[in-house]
Protein chains: 2
Amino acid sequence: MNVNEAIDLLKDKGYKTTGKRKDILNFFEKADGYRTAKDLLQHLEATYEGISFDTVYRNLHLYDEVGILETTELNGEKHFRLNCTHHHHHHFICNACGTTKEIAVCPMDEVRQALGNYDIEGHKFEIYGLCPSCQSA
Amino acid sequence: MNVNEAIDLLKDKGYKTTGKRKDILNFFEKADGYRTAKDLLQHLEATYEGISFDTVYRNLHLYDEVGILETTELNGEKHFRLNCTHHHHHHFICNACGTTKEIAVCPMDEVRQALGNYDIEGHKFEIYGLCPSCQSA
DNA sequence: CCATCATACCGTAATGATTACGATTTGTAA
DNA sequence: TTACAAATCGTAATCATTACGGTATGATGG
């Protein structure tokens, strides 16, 4: 998912494309990793003084709902990143900068066999640590 | 980890063994799955009227710190269960009742190979769904 | 280009989980 | 049994998130 795809998606669904909405998309495109509502708020405050919590959270939820963003919970705080739409995969997440790296490995086939009579609704597989550039810093 | 091991561990480390602390251990032994601070508070209020938040959270953190409990975050709320001390494994977690089932599968060997120059500090692998008894209910 | 109106946004208050803290109580070891 | 550190209480504070009435604004049809 990139900025243009996201804008088209919003228009298709009848949502308005405001300056703030575009800026939010650009923020996440540049981020290339997980960011919090607060990160986004701080970024937007530079351009839009007095921007409301409501605007930030409303748009994050909207983007999550329509599939522009994906979300995970780290240290008691929701984190968001642009949705990876292609194939199923998981992420390494850098504890220092939030950058992610895709991991192709997914063991759910084996797990499904081991859980015969359980109704599986979802799963979460994440690897945490330091990316190469944060190790040297 | 069972109740007696936990009590011994507390004594070894110089912590006091109060009635509330024992009750907390019994609560988790009977639970056999993830529970929230609120779940525990409600349980304790039946016995100790006017018990404080502080007591509940302080002990949960203490138990987490010394390894009596393990913790995970579900739906924005911390959940706790008795620590499984034997071998490394992951959990299926029932979305309805919090009961857990061990999963032996862990793909971290493959992942480590795929992440050569990344410093891996931890990982999380959880499967969510409905356990057999919650499916029929 | 302009009017209209639903949607988006602001300002701020409310909620829910968690943490913090001074005062009081209570295990525990001597 | 005493003394003291640790545990607990009562309550206030914090932090992320959600909610809402009133105002502003993007998009569409004329």
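Worth saying up front: this structure is predicted, and the values here are computed from it rather than measured. Residue numbers start from 1 in every chain, and the chains themselves are labelled A, B, ... in the order their sequence lines are given, proteins ahead of strands.
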When we call it a touch if two heavy atoms are under 4.0 Å apart, what does [X] touch: a base, just sugar-phosphate, or nothing?
X	value
Phe53(A)	base
Gly50(A)	sugar-phosphate
Arg58(B)	base

Does [X] make a side-chain donor-acceptor contact with the base of [N], cut-off 3.5 Å?
X	N	value
Asp54(A)	dC9(C)	no
Lys16(B)	dT28(C)	no
Thr18(A)	dG26(D)	no

- Message: If you compare every side-chain N and O of Tyr57(B) against the phosphate oxygens of dT19(C) (OP1, OP2), does one of them come in below 4.0 Å?
- Response: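 Result: no.
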- Below 4.0 angstrom from OP1 or OP2 of dG26(D), is there any side-chain N or O of Thr17(A)?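 Answer no for this pair, as no side-chain N or O of Thr17(A) is under 4.0 Å from OP1 or OP2.
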- Query: What do you reckon, is OH of Tyr128(A) surrounded by more than 12 foreign heavy atoms closer than 6.0 Å?
  - Reply: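 Atom OH in Tyr128(A) is packed in, count exceeds 12.
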- Message: I'd like to know whether Glu65(B) forms a side-chain hydrogen bond (donor to acceptor under 3.5 Å, both in side chains) with Tyr63(B), so could you lay out the CA-CA distance, the side-chain angles of the two residues, the decisive distance to 0.1 Å, and finally the verdict.
- Response: CA-CA 5 Å; Glu65(B) 213 175 284; Tyr63(B) 284 6; over 6 Å; no
- Query: Between Ser52(A) and Lys11(B), which has a closest nucleotide on DNA chain C that is more 5'?
  - Reply: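 With Ser52(A) and Lys11(B) compared, the 5'-side residue is Ser52(A).
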- Query: Taking the six-membered ring for Trp, are His123(B) and His88(B) ring centroids under 6.0 Å apart?
  - Reply: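 Between His123(B) and His88(B), the centre distance is under 6.0 Å.
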- Query: Rounding to a whole Å, what distance do you find between Lys20(B):NZ and dA7(D):P?
  - Reply: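 So the two atoms are 12 Å apart, to the nearest Å.
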